[in-house]
Structure formats: structure tokens, C-alpha cells
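See below for the structure under consideration.
Computed from a predicted model, the values in this text were never measured in an experiment. In the text below, chain A, chain B and the rest are named by the order of the sequence lines, each starting its count at 1. What you see below is based on every heavy atom in this structure, not just the backbone, and it leaves out hydrogens, waters and symmetry mates.
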Number of protein chains: 2
Amino acid sequence: MSSKYPAGRLPEPPSPIADDGDETHFCGTCAFSSACIAAGYDKPELAELQCLVEHVGPFRAGEHIFRTGDPFRAIFAVRGGTVKTRMVDKEGREQVLGFYLPGEVIGLNAIYPEHFPCDAVALDTAFFCRFSFPAMSALAARVPAVQQHLFRMLSKELGTASLLAGDHSADERVAAFLMDLASRYAARGFSATRFHLSMSRGDIANYLRLAAETVSRVLSRFRNQKLIQIEGRELHLLDPAGLRKIGQALLPD
Amino acid sequence: MSSKYPAGRLPEPPSPIADDGDETHFCGTCAFSSACIAAGYDKPELAELQCLVEHVGPFRAGEHIFRTGDPFRAIFAVRGGTVKTRMVDKEGREQVLGFYLPGEVIGLNAIYPEHFPCDAVALDTAFFCRFSFPAMSALAARVPAVQQHLFRMLSKELGTASLLAGDHSADERVAAFLMDLASRYAARGFSATRFHLSMSRGDIANYLRLAAETVSRVLSRFRNQKLIQIEGRELHLLDPAGLRKIGQALLPD
DNA sequence: GCGGCACCTTGATTCGGATCAATTCCCGCC
DNA sequence: GGCGGGAATTGATCCGAATCAAGGTGCCGC
């Protein structure tokens, strides 16, 4: 796509949260890595994979990667930056569905309806690998590893809803949210104890089905208890084990 | 329906909620129908489809179709009866993830972890088509329609979580729950205004993240408002439009 | 530097639903 | 037919988080 300079006027994109140097390393941490590798290694499909992947972006904070109702043609792997997905009901109330970090994939929930059922909005400067879905599924039919990878990604995302499930206290939810982010950063090779919250308190609250004030209070309490250090959106987890304990009912294992 | 002999010792399975006569018609209403038809029609794959499908059951109320941690080998289409899926945390608290009606498919969330992440429990006498997943994905690689169908089923289930999303009132949740059941029954050819709730109030409450007492109160209120007629678990929707209006924030469209 | 604005924090009050408690109902069982 | 137990209903009370309200802070454009 698109929009080298989407709504702004900065001449060159800054290097946001990801983009840890060389491309090869990034691809190693991407959700598609095994599919790409399986398809790419010394095979004629390599050429095809190349042509079904397209680098898009940058998108700047607040810009849409896709909008509710857009026809579904591709899925997107986050290469750098952070994205939220959200639905807006007809009364205009926003519902945040999820946050996506570098290496994660958005758009899978659009396969069935064939139109995007939600918006995807960049929270900071973000860019993507765009995978044409028709091309991708054609490739999947020929390369079992690609097919399996798609199945696994879809299935994995099914398991994600559990962070919201259950009637849990605000403390449990926030602790679980922080630990979930930590483990996802860790899985992509970032620090699991120090990171930047790209989303506002309001977005966190909305995602966790709490009020923004409640999130703020819980974070203050966690700080007083020396569980975290937080200044604005810069977060340092001082006692991950303690947080894990608080959020354990919502966390895997 | 149902459970003429729910927890008894009947020698032969009764005809529960589904099984509306002949098999062909049932398959027409099943979530797999298009995949089966695509695979089956005059093709050599027919034989293979036959061998990857296996009819299992009956399971009686309370019996497990699979348990958390079981190795994942197959997915199951409900042929008759009703199923709930649930997770039980280490403190022993149950979390109901969903209810599955005839024609719907369970087990998709086990592909990625390769073990079932939840239990599936029959709520009344239930039976299934069991699809070996390795065989299914091998078939999918050869028959594009089957692959596409799997993608679509997985993606569709991703959209389902929205019933629980958002901070909605008990009235909204219960109304949306009833309308969701109604539309799913309608999609499979059953009545959309009269049906049996196979699950207890406690299960409904757990699924909707409410207390059982709250569900009971809301249903009583809906009855007083002439929105529904309910006696035990027999439900008659008197004013679907009214219910849809109450639950609209959670419902599609 | 200054004003405007969005975001965040903290306190006071309110409210929806959870919890506790008491019957009642329904069914299988003796 | 009577008994026992789980499920459902209904009422009384309590509590956690929402809401309302009032600053504080940082950032951007002018």
C-alpha cells in the first residue's frame, strides 16, 4: 500500500519499537518464520512467496491498517510498531479486541466473513508484511508446512480469548495483562521486564473491560507494592513472580 | 428431544435434539457439509473422506468427549445433543467457554497446542462425527474446498468471542445469549422461537460471567415483560425483536 | 512562553451484580 | 407414597468497580 506519507509530513519513518537491525533476524522472530523458511528453502515456491509478500507502511499513530467492512484480501504480520484491533458499535462505543506486537499477525478473523470485522489502528509508527490471502492459501495447498502453519496460527488465536474470560478482579486482570505482554515480548526477543506501553490507559481499560480510572489505580497500587516501576508508559516489572501469582487464574500454566 | 432417559441406562441411544430423520439431511445442515460435498462428489477422495470420518457416541449427560491435556488427534462435529466446553483452573473453578449445537464443530482450539486445552462435556445424550485431523489436513492439501472450509471454520470461531466482550449489563448479555442460540438453531433448521435449554442456569451464568441468581432474575424479568415464556428449561421466545433490541450491542448487525 | 488539549491520577459517591440465605420445585429413588 | 438432593427462584445485604468530579502533567502549535 500505500501511503508512504499517509497523513503526515515526516520525510522518513523513525525506527519504532522493533526493527532490530537486519531483516533476516526479524523474519526469524516473525510468526510466519517457519512457513517462510519451509516455503523458501531451495524451492521453486520461493519465488512465489516473494511475490505474495509485500512490505507496507509506515503507518503513523492513529492511522488505519484496515477498517471494518473492507474486503478481505490479505493478512498482515507486524514488522514494527504496535496495533490495536477494535470494533465500534452503532452507538459509537469502542471495544478493543486485542493488541499486536512485532511478529504477530492480524486479519485472521476476516477469512470467514470475507470482510474485516474490525478496525486495525496503529498505536505508534508501524509497518507490516502483507500476505495476499488467495496466494497464501494456494501456496498452502502445495506446501504442507505453510498449510499447517496457517492452521496453527488460527488455532492459537482461538486460545487467546482466555485473558478476558472469567469474572476476575481488576488486580488479576491488570497483572495478567502485564505478564501476557511480557511473555509476548520475550517470545520475540525483546526484554520481558522493561518495555513501553504503546497503548493508553483507556485502551488497556477498554480491552480488560475496566474503567480507565481503575487501571490507573491498580497500577498505582502495584507501584506502591513494589511490583512494578512505571512512569507514564515506560514500564519496569520489578517482581514478575509476584505479578504472575496475582494473575495466575488467567494465565497459562 | 431429549433426554428421555438422560442419566439412565438405556440400551439404545434415543434420538436426541437433532437427528432429524435421514443422514443426508443431517449432513446438509452440518458445518462440514460443503467440505464433505466438495470432497465426496464423484471423486476418488470420497473413499478417503469415508475413512477419516467415524461416528462416535452416544455420550450421556456429564460424560467427556475429550479432556484437558488429551493429545489432539481429531475434531468433532456434533451430530446430536449439546456440548459445553470448559476450562478448570487449579483452584477448581470452572469456566464455561461455549455451547455447541448439532452441526457445530469442537476441538479446533487444540490444533496449535496439540493437546486439548479444555474439556468437552455432553449436556444431554450426544453423538458425533469424528474427523481425524492428520487425515483431514492431508485431504485439505489435495482438495482446495476442504482447506478453504477449515480456514473458514477456524476464522468463524474467532469471531464468536464477541458475545462475551464488552462490559454489558446482565440484561444485555442474557438477551444476546438467547438470540444467539435462536439464530444458531435456525441456521441448522430448528425452530428459532421454541427450544430446550440443555444447560443449567449455572452453566449459562458461568458462560456469561454472571451469577446463577442473576440469570434467574433476568429470565423472570423477561417473563414478566412478556418477552419470553419459560418453564424450567423449555423456552419460547415471544418477542424476538424486543430481545434483539436489548442485546443489540452484543449481536451481529 | 503561553494556551489548549489529551492523558493520567486521585478522591467521593453511586450502583449493578455478587453473595448469603431461605424456600420451593422437580425427579429419581427407596 | 414419601424421602432426599440438586436446580431454580426470590429476597436481603454487601462490595468492587463505575461514575462523577477535580486537579495535575506533558506535549504541540502558535
Side-chain angles (χ1 to χ4, degrees), chain A residues 7-10 14 60-62 84 93-96 121 123-124 164 166-175 177 196-225 228-235 246 249, chain B residues 2-10 60-62 84 93-96 121 123-124 164 166-175 177 196-225 228-235 246 249:
Chain A
R9 67 210 61 142
L10 73 158
R60 288 183 309 135
K84 74 171 171 183
R93 284 174 306 202
E94 178 176 3
Q95 175 62 245
V96 174
V121 182
L123 294 175
D124 44 28
L164 307 172
D167 58 331
H168 295 284
S169 71
D171 283 26
E172 288 177 297
R173 281 171 145 75
V174 174
F177 173 72
H196 178 83
L197 297 172
S198 321
M199 65 298 286
S200 71
R201 303 287 192 273
D203 281 340
I204 298 172
N206 186 308
Y207 174 65
L208 297 176
R209 293 80 178 102
L210 297 169
E213 294 93 329
T214 302
V215 170
S216 184
R217 276 185 249 272
V218 172
L219 290 174
S220 298
R221 204 177 314 136
F222 284 176
R223 176 171 42 205
N224 294 339
Q225 295 167 188
I228 63 172
Q229 198 175 307
I230 189 167
E231 198 175 322
R233 296 186 179 183
E234 292 306 322
L235 180 67
I246 294 171
Chain B
S2 147
S3 32
K4 226 156 157 189
Y5 317 83
R9 67 211 56 146
L10 65 158
R60 288 179 309 135
K84 74 171 171 185
R93 284 175 306 202
E94 178 177 4
Q95 175 62 245
V96 174
V121 182
L123 294 174
D124 45 28
L164 307 172
D167 58 331
H168 295 285
S169 71
D171 284 28
E172 289 177 296
R173 281 173 145 74
V174 174
F177 173 72
H196 178 85
L197 297 170
S198 319
M199 66 297 287
S200 71
R201 302 288 192 273
D203 282 339
I204 297 172
N206 187 308
Y207 174 65
L208 297 177
R209 292 83 177 99
L210 298 170
E213 294 92 328
T214 302
V215 170
S216 185
R217 276 184 249 272
V218 172
L219 290 174
S220 298
R221 203 177 314 136
F222 285 175
R223 177 171 42 207
N224 293 340
Q225 295 167 190
I228 63 172
Q229 199 173 305
I230 188 168
E231 199 174 320
R233 297 186 180 183
E234 294 305 324
L235 180 65
I246 294 172

- Query: B:Leu210 near the nucleic acid: base, sugar-phosphate alone, or nothing, with a heavy-atom cut-off under 4.0 Å?
  - Reply: sugar-phosphate

- Could you check whether B:Ala211 gets within reach of a base, just the sugar-phosphate, or nothing at all, counting any heavy atom under 4.0 Å? base

- Position toward the 5' end of DNA chain C (nearest nucleotide), A:Met199 or A:Asp167: A:Met199

- Query: So what does B:Ser216 touch, heavy atoms closer than 4.0 Å: a base, only the sugar-phosphate, or nothing?
  - Reply: base

- Looking across every strand, which nucleic acid part, if any, lies under 4.0 Å from A:Arg221 by heavy atom: base, sugar-phosphate, or nothing? nothing

- Among the nucleotides D:dT10, D:dA8, C:dC8, which one has an atom lying closest to any side-chain atom of B:Glu213? D:dT10

- Item | Distance-only donor-acceptor test, A:Arg217 side-chain atoms vs D:dT19 base atoms, 3.5 Å | yes

- Task: Measure the distance from CD on B:Glu231 to C1' on C:dC27 and round it to the nearest whole Å.
- Result: 15 Å

- Task: Compare the minimum distances between each of D:dA17, C:dC8, C:dT10 and the side chain of A:Ser200, then state the nucleotide with the smallest one.
- Result: C:dC8

- Item | B:Asp203 CG to D:dA8 P, straight-line distance once rounded to whole Å | 9 Å

- For C:dC8, does either OP1 or OP2 sit under 4.0 Å from a side-chain N or O belonging to A:Arg233? yes

- Item | Short side-chain N/O contact to D:dT9 OP1/OP2 from B:Ser220, under 4.0 Å | no

